[in-house]
There are 2 protein chains.
Amino acid sequence: MTDLREANRGAVLSDLLVHRPTTRTAIAQRTGLSAATISRAVEVLVADGVVREVSEVVSANRGRRAVALDLVGERSVVAGVDLGASTTRVVLADFAGAELRRWEEPTRSDLPAAALADWLAGMVTGRSAGLGAGLAAVSVGLPGAVAESGAVSNAPNLPQVMDAEFTSGLRRAGAVGIRVDNDVNYALLGEQRRGAAADAGDAAMVTIGAGLGAALAIDGRILHGRHGLIGEFGQLPAGPMGTRLEHMVTGPGILRRAEEAGVPLARPQDLFDDEHRLSPLRTQFDHALQIVLTAVAVASEPEVVVLGGGIAESLAGDLDRYQATLGATLQVAPRLVPAALGSFSGAIGAAIDAVHSLYADLGAEPGFGGGHGRSAAS
Amino acid sequence: MTDLREANRGAVLSDLLVHRPTTRTAIAQRTGLSAATISRAVEVLVADGVVREVSEVVSANRGRRAVALDLVGERSVVAGVDLGASTTRVVLADFAGAELRRWEEPTRSDLPAAALADWLAGMVTGRSAGLGAGLAAVSVGLPGAVAESGAVSNAPNLPQVMDAEFTSGLRRAGAVGIRVDNDVNYALLGEQRRGAAADAGDAAMVTIGAGLGAALAIDGRILHGRHGLIGEFGQLPAGPMGTRLEHMVTGPGILRRAEEAGVPLARPQDLFDDEHRLSPLRTQFDHALQIVLTAVAVASEPEVVVLGGGIAESLAGDLDRYQATLGATLQVAPRLVPAALGSFSGAIGAAIDAVHSLYADLGAEPGFGGGHGRSAAS
DNA sequence: GGAGTTTGCTTTCTGCTCGCAAGCAAAGTC
DNA sequence: GACTTTGCTTGCGAGCAGAAAGCAAACTCC
């Protein structure tokens, strides 16, 4: 109950972030506020240069044409980064969330923490130069658990990021607000806003690649946990002899287990060739994945579970089968779908989070899908 | 934003529900509202007979003594019911949540759905007669998943409750508001408010008895899921040969597995005698429980996991061991504690939910720990 | 034991905001 | 060209919260 007027401006912005473009009347209906209040709030936002009237909306209605409102995109640029163990993907977007540029390059995983941060910051600032507006916010997803304090743990595939030097280095390099969160959390956010989990309030994502990660969202909100451990289903000691599931289903785990079984594979993906379809290794993989999917399902009861990550791409043809098994186990099973944004889910989600962080500064409530990310605290 | 004045009254009530008794000034501090506003709101509540000034608070402060405020208890009586597969436990409480009476008796599991509802309703109304005030709300916890719609599923140990006749019968028998939810959800609510999970916003509960159940709370809110399936970790196919975990750790499952192994047990509890400490069956049980605990931990990252249920009582001495294993698996492991309210956690939690439902009618926000239960919809 | 002080609560008053209703504007319909 | 529909803005009244001042009841200290 700070300032009611400001709160209403925030509500308008929040609505505009999700429904874009829209009209004053539509905002009034969705927010439940009166048209008069919306008009007054929009007036301020337009004066502030945050919102702009765009060309009139095409409408089948009879009366006066509504004036479409949209966010002013050119104000500034944000970056969403998915710092993977092997590949780093970046998306630059404008203030309105429109994608401006995307690229990927190998992660310099050979660098120590501070140098890695410098490399990342240099790459992003370098490539965002000359876009007209300055970089206003950066969100970085990384393969580890990010605590409320900003501390990173559980990142075996890119251990440098656990070093406090990494986050502090990032903050030093860029003058702008930097937020850090788990890569899968961002990927789920991306899929919720622009991908396979659109309009699913309860959704989950599982990524399988170099590591196993999961993210859970309930009522549009991504669950974090004080230490960021929510979703670490790879820790489940449910494999044979109590092996952790992450050793059963991730790329390095598959290679090692194949070697131990005397049938070495050239690449983890080979396990999903037809010739291995009935191999014990493949059966164990399926079983382990089934446990993960069931755990995700009963942890948050998502309407949809999005599968992403390098290994998951090889599973596209088997989704129906997994879905069927899941349905046999649970009365109500979630839909199992591949990531619609592909390997860029995480970067896109990070960019969305960065945009959100800017609007949060303007008073927008963390509405549907909001409240993500963690600002890199000192 | 309905009526701001009413909203403030609700905020005062919500605060009073959690901090009881308290003073006007204390409420003002906690809610952030001005003392004037609180005074005005309290005035109305006292006039309505919902709140009362009680004897002055003993204080070490120097100035004028604050007048303690408390809820008026005698207005009405609520009942919390824990309808177990074998035992039914009931708690009667007054409007202020003070326990009036508790008892338990064998569940008439031989009865069909409608008759079971009649038996339950008759028992509760009969025993609550003559308490001065009428029964105003009843909350029933049962061993199954309760959907938003009110439909019950996943109740193998008391299948009658899945029959729509049961809930409709309950509603017919009692004229008052009846709410139904999963028994473990209520048990966790009880432990959060009066027991082992007090002042833990993020908490979880696992009950092991005739069935395996779990409940998760994040930020004081118990997670439900549209179909009430959140927490059904017994469905995890993580036992040997893909056995569901509920078959590994529950009473009936233990007996059957012991028989299959050629070492029949008289009672499931016998598995936890010293003589079985190193038996393969016990090892398998420990492993299965470890998986459940890990899954609960990474599903919601609770500060504390409360263990309840008949089997869990036998585990009291082993909690340290489980805790140690959990700590070895996870960087940050939750505390593992037995249910402080014993076998009445569920009934007490249900009674708290019933009280909450009454205050929700008066405008109290579902604050910390609120928003539980599901009204038995038609 | 009286003056001063601290704390709790109430009352008065001011400023702010919202929603209603009326008015204006812009489109389509007849 | 009058009428209707729809979108937005403006004028007005009511409601509410908070600041500040006032009253009340304790304690402390001289």
Side-chain angles (χ1 to χ4, degrees), chain A residues 1-16 19-48 50-70 363-365, chain B residues 1-16 19-48 50-70 363-365:
Chain A
M1 300 258 174
T2 42
D3 196 345
L4 206 38
R5 204 133 205 164
E6 192 172 321
N8 284 338
R9 274 204 303 279
V12 170
L13 268 184
S14 309
D15 191 75
L16 211 47
H19 304 98
R20 209 164 69 72
T22 186
T23 70
R24 290 173 174 84
T25 313
I27 296 175
Q29 277 173 1
R30 280 190 295 261
T31 59
L33 297 167
S34 74
T37 304
I38 300 299
S39 265
R40 284 185 276 248
V42 167
E43 193 180 14
V44 177
L45 290 170
V46 171
D48 287 357
V50 181
V51 170
R52 158 178 58 197
E53 298 189 344
V54 294
S55 64
E56 296 181 6
V57 97
V58 271
S59 147
N61 287 348
R62 291 211 298 162
R64 171 177 171 180
R65 288 288 155 85
V67 180
L69 301 170
D70 205 351
E365 303 264 314
Chain B
M1 301 253 175
T2 41
D3 196 345
L4 205 39
R5 205 134 205 162
E6 193 174 315
N8 283 339
R9 274 205 302 281
V12 170
L13 268 184
S14 308
D15 191 75
L16 210 46
H19 304 97
R20 210 165 65 73
T22 186
T23 69
R24 290 174 176 81
T25 313
I27 297 176
Q29 278 173 0
R30 280 190 295 262
T31 58
L33 295 167
S34 73
T37 304
I38 299 298
S39 266
R40 284 185 278 247
V42 167
E43 193 180 16
V44 176
L45 290 171
V46 170
D48 288 355
V50 181
V51 169
R52 161 178 57 198
E53 299 190 341
V54 297
S55 64
E56 296 179 6
V57 97
V58 272
S59 146
N61 287 349
R62 290 211 300 163
R64 171 177 170 181
R65 289 288 156 84
V67 180
L69 301 171
D70 205 349
E365 303 263 315

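So you know, we letter chains A, B, ... as the sequences are listed, proteins then strands, and number each from 1.
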Exercise for the section: Please identify each residue that fulfils side chain to side chain donor-acceptor pair (under 3.5 Å) with A/Asp70, with sequence neighbours left out. Expected result: A/Arg20
Practice task
Using side chain to side chain contact (heavy atoms under 4.5 Å, CB included) as the criterion, list what pairs up with A/Glu53, not counting sequence neighbours.
Solution key: A/Arg24, A/Val67, A/Leu69
Contact list (N/O, under 3.5 angstrom) for nucleotides 8-10 of chain D vs protein:
{"unit_1": "D/dC8", "atom_1": "OP1", "unit_2": "A/Val67", "atom_2": "N", "d": "2.9"}
{"unit_1": "D/dC8", "atom_1": "OP2", "unit_2": "A/Thr25", "atom_2": "N", "d": "3.1"}
{"unit_1": "D/dC8", "atom_1": "OP2", "unit_2": "A/Thr25", "atom_2": "OG1", "d": "2.5"}
{"unit_1": "D/dT9", "atom_1": "OP2", "unit_2": "A/Arg24", "atom_2": "NE", "d": "3.3"}
{"unit_1": "D/dT9", "atom_1": "OP2", "unit_2": "A/Ser39", "atom_2": "OG", "d": "2.2"}

Fill in the blank from the handout: CG of B/Leu13 to CD of B/Glu6, rounded to nearest 0.5 Å, is 10.5 Å
Could you list all N or O pairs between the protein and nucleotides 13-16 of chain D that sit under 3.5 Å apart?
{"unit_1": "D/dC16", "atom_1": "OP1", "unit_2": "B/Asp3", "atom_2": "OD1", "d": "2.9"}
{"unit_1": "D/dC16", "atom_1": "OP2", "unit_2": "B/Arg5", "atom_2": "NH1", "d": "3.1"}

Fill in the blank from the handout: From CG of B/Leu45 across to C1' of C/dC9 the rounded distance in Å is 16 Å
Below 3.5 Å, can you tabulate the donor-acceptor pairs from side chains in residues 29-37 of chain A to any protein atom, sequence neighbours excluded?
{"unit_1": "A/Arg30", "atom_1": "NE", "unit_2": "A/Asp15", "atom_2": "OD1", "d": "3.0"}
{"unit_1": "A/Arg30", "atom_1": "NE", "unit_2": "A/Asp15", "atom_2": "OD2", "d": "3.0"}
{"unit_1": "A/Arg30", "atom_1": "NE", "unit_2": "A/His19", "atom_2": "ND1", "d": "3.2"}
{"unit_1": "A/Arg30", "atom_1": "NH2", "unit_2": "A/Asp15", "atom_2": "OD2", "d": "2.9"}
{"unit_1": "A/Arg30", "atom_1": "NH2", "unit_2": "A/Thr22", "atom_2": "OG1", "d": "2.8"}
{"unit_1": "A/Thr31", "atom_1": "OG1", "unit_2": "A/Ile27", "atom_2": "O", "d": "2.8"}
{"unit_1": "A/Thr31", "atom_1": "OG1", "unit_2": "A/Ala28", "atom_2": "O", "d": "3.4"}
{"unit_1": "A/Thr31", "atom_1": "OG1", "unit_2": "A/Leu33", "atom_2": "N", "d": "3.3"}
{"unit_1": "A/Ser34", "atom_1": "OG", "unit_2": "A/Thr37", "atom_2": "N", "d": "3.2"}
{"unit_1": "A/Ser34", "atom_1": "OG", "unit_2": "A/Thr37", "atom_2": "OG1", "d": "3.0"}

Problem - Shortest non-hydrogen contact from B/Ala41 toward B/Val12 - result: CB-CG2, 4.0 Å
Practice task
Just jot down the side chain to side chain donor-acceptor pair (under 3.5 Å) partners of A/Arg52, sequence neighbours excluded, or say none.
Solution key: A/Glu74
Handout entry: Considering all heavy atoms, the nearest A/Thr23-A/Ala68 contact
Key = CG2-CA, 4.4 Å
